[in-house]
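Just below is one structure, and these are the notes that go with it.
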Amino acid sequence: MPADPLKPRVGFKVASAVFGDPFRTVDCVAKREGNQAAFVELSDASRLPDQFLLIAMSIQLRHRCEVVERGADFVRVKFTTE
């Protein structure tokens with residue numbers, strides 16, 4: 001089932017994935033997994049490139065990310081910068 005960014009989920013916060021030139025954004029929900037990774041849910045994970053900027057201001061998250069696992073409606077990423 002695709003993620004619904006408007007549906008509250010424990011531990012997940014509304015976020016944006018930013019990539020491209022000109023910039024494109026994709027709304028998603030993200031849950032931080034320690035200091036080096038995050039789990040990101042969105043309606044269609046194929047819309048995201050292998051590297052992007054993940055921004056979730058409510059949890060003070062702004063990191064460049066690299067996809068390490070991809071599913072139909074999620075990606076697991078590792079942070080490539082602090």
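The shortest side-chain heavy-atom distance between Val75 and Phe39 does not fall under the 4.5 Å cut-off. Between Val67 and Phe52, some side-chain heavy-atom pair lies under the 4.5 Å cut-off.
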Determine, stepwise, if the pair Val40 / Phe74 fulfils side chain to side chain contact (heavy atoms under 4.5 Å, CB included). CA-CA 6 Å; Val40 181; Phe74 77 91; over 6 Å; no
For the pair Lys31 and Glu41, evaluate salt bridge (charged side-chain N to carboxylate O under 4.0 Å, His left out) and give the outcome as yes or no after the intermediate values. CA-CA 9 Å; Lys31 183 176 183 179; Glu41 287 190 351; over 6 Å; no
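Annotation for Arg64: atom CZ does not count as buried by contact number, only 12 or fewer foreign heavy atoms lying within 6.0 Å.
Between Gln60 and Arg32, the shortest heavy-atom distance links the atoms O-NH1, 4.3 Å. Annotation for Ala56 and Ala15: closest pair CB-CB, 3.7 Å, computed over non-hydrogen atoms.
With values rounded to the nearest 0.5 angstrom, Phe79 atom CZ is found 13.0 Å from Glu66 atom CD. Rounding to the nearest 0.5 Å places SG of Cys65 at 9.5 Å from CG of Leu48. With rounding to the nearest 0.5 Å, the separation of NZ in Lys13 from SG in Cys28 is 14.0 Å. Between the CG atom of Leu42 and the CG atom of Asp27 there is a distance of 9.5 Å, given to the nearest 0.5 Å.
Grouping Ile, Leu, Val, Met, Phe, Trp and Tyr by side-chain contacts under 4.5 Å, direct or through others, puts Val18 with Phe23, Leu53, Ile55, Met57.
Judged by distance alone, with hydrogens and angles left aside, the side-chain atoms of Arg70 form a donor-acceptor pair with the main-chain N or O of Ala45 at under 3.5 Å.
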